[in-house]
Amino acid sequence: ATLPSGWKMSAAGAGTTAGYSTSGNLTAVNNQASSGSPTAGGRYNWGSSSSDRALGFMTSGSYASPNAIMVAFKNSTGSTITGFSISFDYERYRINTAAASVTFSRSTNGSTWTSDTAGQSGAFSTGSSSYTFSSGTTVSKSFSVSAISLAPDSLYYFKWDFNTTGGSSQGIGLDNFSLTATTAPAATPNIELSSPAASASNLTEGVTNQVLSRFDLAVTTANATLTGVTINTAGTYAASDLSNLKCWYSADNSFSSSTDALLSTKSSSLGSGSHVFPGFTNQIIASGNTGYIFITADVPFGSTVGNAISVSAVDTGNLTFSSGTKSGSTNASGTKTIVACTPTNATGLGLTVGSTQLTIDWTNPSCRDEVMVVVKPISSIGATPSGDGSSYSANLVLGSGSTFDGTGSVVYKGSSSPQIITGLTNGTTYYVRVFTRHGSVWSSGIESSATPNLVNSTTTLWNGGSSAWLTLSNWDSGL
């Protein structure tokens with residue numbers, strides 16, 4: 001039978017010198033006895049029933065003594081183990097004339113052993129050879145081991161050395177082993193709250209993940225787990241000026257939405273007042289480290305320019321941890337004022353030529369009130385629009401809209417792509433520039449050029465003389 005995981009038996013006669021990792025150790029017995037009068041030396045699975053078995057030895061002239069049972073246990077408690085409570089039974093299944101005893105020892109490395117007399121069997125009595133499988137001699141041991149310090153994930157070892165002799169050996173087993181660990185009280189993390197000095201700054205409409213505030217959490221003594229954050233906002237801003245408030249964790253004091261951990265997003269009820277971040281992702285901050293919490297805002301395009309928001313000072317009552325002693329305070333964020341975004345050029349400008357027309361397509365930028373398309377023959381467009389766009393009228397027929405930059409014409413105002421421009425002259429090169437406007441601010445424009453041409457056609461010539469007009473063979477393909 002195979003031994004339970006972690007248990008080993010020494011090779012015959014190697015008990016005293018055997019370590020847990022000694023080559024030649026075995027993980028299975030080679031004899032089993034539940035009745036009768038066995039005499040073979042070896043590693044035994046003793047017992048009177050299939051459900052109650054003991055692990056041990058019996059020696060013979062060919063199976064030497066001493067022999068050892070060893071076991072290793074891993075500290076998987078997550079805490080430091082400071083002691084053990086141990087109990088087990090020595091059970092004798094065969095009495096005989098040779099002396100017999102079992103010694104007990106412990107180890108932190110599986111090779112250097114410390115004898116522990118509390119676990120020794122003492123000398124078993126001797127007598128004429130006889131077997132008892134159901135009511136033999138039992139020596140029970142129960143004691144404690146203290147003053148140890150076993151770190152998490154470390155191993156601890158126990159060893160029993162069975163001393164029996166020759167063909168007159170007694171048969172002894174180990175049974176009913178129990179081990180209970182005593183762990184040190186979990187250390188309580190100390191968490192010191194602080195923040196950099198407050199400063200006023202701007203928030204740009206149409207931009208996500210803009211930092212409102214930052215506070216720092218310095219952890220000592222033990223790891224801390226942040227489980228929740230609440231902030232308070234104030235200012236002239238309206239709830240519609242924000243689309244999201246977000247809480248982030250960073251291992252350094254520089255914010256990056258691509259590498260930092262998003263802990264929570266709040267997307268509703270964003271007006272002034274208290275904000276508890278929902279669905280919070282717990283964040284561990286290791287002892288000896290500082291964690292950095294960033295609060296950011298997504299400001300949608302069209303938010304009210306000039307409105308302002310601030311985040312009040314965060315105190316220890318605004319933070320929850322799985323455990324810990326909190327101290328310290330922060331500064332308020334300073335006022336963050338919403339400013340208009342600067343329009344950027346459209347992208348992906350494409351021109352498709354036809355006969356006396358051009359199809360224009362592009363991709364709109366996010367910061368825009370509208371785009372304006374200007375077409376000009378022969379030369380590039382050098383002028384830039386001004387004002388709020390109301391002074392320009394547009395018409396998709398070239399020359400029907402407002403004149404622009406000399407011979408140019410405004411052909412379109414809006415945000416819908418593509419557009420078809422007509423009224424062009426085949427063979428003439430036309431320059432197309434797409435401008436973007438927000439308020440009275442215009443982008444520099446993106447430009448391309450193309451030349452419309454006559455669509456290829458086929459001329460069919462009559463060759464049939466006075467023959468039938470509708471007969472296909474009387475016609476030839478021409479140019």
Side-chain angles (χ1 to χ4, degrees), residues 1-33 38-47 53-74 84 86 88-126 129 131 136-139 141 143 145 154-177 179:
T2 301
L3 306 186
S5 177
W7 291 79
K8 295 182 179 181
M9 303 179 85
S10 69
T16 301
T17 59
Y20 185 79
S21 300
T22 298
S23 176
N25 287 344
L26 300 139
T27 57
V29 298
N30 59 355
N31 289 282
Q32 178 173 311
T39 58
R43 305 178 304 278
Y44 269 82
N45 177 0
W46 300 104
R53 311 299 296 179
L55 184 64
F57 299 94
M58 187 165 65
T59 53
S60 65
S62 59
Y63 198 93
S65 174
N67 298 285
I69 296 173
M70 293 165 285
V71 64
F73 289 98
K74 182 178 181 179
F84 299 106
I86 306 173
F88 50 84
D89 292 334
Y90 296 117
E91 297 174 348
R92 181 169 64 185
Y93 292 86
R94 181 192 186 189
I95 186 173
N96 211 338
T97 57
S101 64
V102 185
T103 58
F104 174 74
S105 53
R106 302 180 276 112
S107 176
T108 57
N109 59 18
S111 59
T112 302
W113 301 93
T114 299
S115 177
D116 189 338
T117 58
Q120 294 181 3
S121 68
F124 284 90
S125 60
T126 59
S129 177
Y131 297 82
T137 299
T138 298
V139 178
K141 293 292 177 178
F143 56 97
V145 176
S154 298
L155 295 175
Y156 204 82
Y157 305 83
F158 300 105
K159 180 182 181 184
W160 294 263
D161 286 304
F162 288 68
N163 302 285
T164 57
T165 306
S168 299
S169 170
Q170 302 198 46
I172 300 171
L174 176 69
D175 198 4
N176 301 322
F177 177 83
L179 177 67

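Put simply, OG1 on Thr39 and OH on Tyr131 are 6.0 Å apart, with the number rounded to the nearest 0.5 Å. Of the inter-residue distances, the one linking Thr138 atom OG1 with Asp89 atom CG reads 6.0 Å to the nearest 0.5 angstrom. The CG atom of Leu174 sits 6.5 Å away from the CZ atom of Phe88 when rounded to the nearest 0.5 Å. Rounding to the nearest 0.5 angstrom, the gap separating the CG atom in Asp116 from the NZ atom in Lys141 is 10.0 Å. For the atom pair OG (Ser169) and CZ (Arg94), the distance works out to 6.5 Å, reported to the nearest 0.5 Å. The structure places CD of Glu91 at 13.0 Å from OG of Ser121, a figure rounded to the nearest 0.5 Å.
Between Phe104 and Phe143, the ring centre distance stays below 6.0 Å.
Across Ser107 and Ser111, no two heavy atoms sit closer than the pair OG-N, 3.6 Å. Among all heavy-atom pairs drawn from Pro38 and Tyr44, the shortest one is CB-OH, 3.7 Å. What you find for Gly122 and Ser101 is that their closest heavy atoms are O-CB, 3.5 Å.
Judged as a salt bridge (charged side-chain N to carboxylate O under 4.0 Å, His left out), and not counting sequence neighbours, the contacts of Asp161 are Lys159. Residues forming a side chain to side chain contact (heavy atoms under 4.5 Å, CB included) with Ser125 (at least two apart in sequence, or on another chain): Arg92, Ile95. Under the rule for a ring-ring contact (aromatic ring centres under 6.0 Å, His included), the partners of Tyr156 that lie at least two apart in sequence or sit in another chain are Phe84, Phe158. Taking the ring-ring contact (aromatic ring centres under 6.0 Å, His included) definition, one finds that Phe73 meets it with Phe177, sequence neighbours left out.
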For residues 61-70, please give each side-chain donor-acceptor pair under 3.5 Å, one per line with the distance, not counting sequence neighbours.
from: Ser62; atom 1: OG; to: Ser60; atom 2: OG; distance (Å): 3.4
from: Ser65; atom 1: OG; to: Thr164; atom 2: N; distance (Å): 3.0
from: Ser65; atom 1: OG; to: Thr164; atom 2: O; distance (Å): 2.5
from: Asn67; atom 1: OD1; to: Gly13; atom 2: N; distance (Å): 3.0
from: Asn67; atom 1: ND2; to: Ala64; atom 2: O; distance (Å): 3.0

Show me the side-chain donor-acceptor pairs of residues 24-32 shorter than 3.5 Å, one per line, residues at least two apart or across chains.
from: Asn25; atom 1: ND2; to: Gly19; atom 2: O; distance (Å): 2.8
from: Asn25; atom 1: ND2; to: Tyr20; atom 2: O; distance (Å): 3.0
from: Asn25; atom 1: ND2; to: Thr22; atom 2: O; distance (Å): 3.3
from: Asn30; atom 1: OD1; to: Arg43; atom 2: N; distance (Å): 2.8

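Ring orientation note: the planes of Trp46 and Tyr93 are close to parallel, at an angle under 30° on the 30°/60° scale.
For the pair Tyr90/Thr137, no side-chain contact is recorded, criterion being any heavy-atom separation below 4.5 Å from C-beta on.
Counting only distance, with no hydrogens or angles, the side chain of Asn96 and the backbone of Ala98 share no donor-acceptor pair below 3.5 Å.
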